[in-house]
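Each remark here refers to the structure printed beneath this line.
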Amino acid sequence: MIKKLKSLEGAKSNAKGKSFEKKYKHKTLYIIHCNRTGNFYVDTDSLIRVWEQLLGY
């Protein structure tokens, strides 16, 4: 699940809403900021965060 958002507040509210859903109850939600595009992403996969750290994003 990747959700692309323009603001941090929108990403926080989206992550909070998803955390109450039964489907994501026992999963960690990550808010990721892309410096290149300025977008925020809400995702359950930490692999994308490791990939961004390795590439320096």
Side-chain angles (χ1 to χ4, degrees):
M1 174 213 55
I2 296 179
K3 179 77 175 184
K4 179 178 168 183
L5 300 151
K6 293 286 184 184
S7 69
L8 179 58
E9 291 78 23
K12 285 181 183 178
S13 65
N14 184 277
K16 187 175 182 178
K18 292 288 182 190
S19 69
F20 290 122
E21 291 181 15
K22 193 173 187 177
K23 181 178 174 182
Y24 301 109
K25 187 174 182 179
H26 297 292
K27 292 190 177 190
T28 304
L29 295 171
Y30 297 93
I31 297 175
I32 301 163
H33 179 255
C34 179
N35 290 330
R36 191 168 32 110
T37 62
N39 293 323
F40 291 89
Y41 299 92
V42 177
D43 194 11
T44 57
D45 187 12
S46 63
L47 182 60
I48 193 168
R49 181 67 184 137
V50 172
W51 177 76
E52 285 184 339
Q53 287 175 341
L54 289 173
L55 292 178
Y57 288 118

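Keep in mind that the numbers below use all heavy atoms, side chains included, and drop hydrogens, waters and symmetry copies.
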Inter-residue atom distance K25.NZ - S19.OG, 0.5 Å rounding:
11.0 Å

Could I get the full list of salt bridge (charged side-chain N to carboxylate O under 4.0 Å, His left out) partners for E21, not counting sequence neighbours?
K18

Looking only at heavy atoms, what is the nearest atom pair of F40 and S7, with distance?
CD1-C, 3.6 Å

Which residues pass the side chain to side chain donor-acceptor pair (under 3.5 Å) test with K6, not counting sequence neighbours?
N39

Applying side-chain contact (heavy atoms from CB on, under 4.5 Å), can you list everything that pairs with A15, at least two apart in sequence or on another chain?
L29, I31, V42

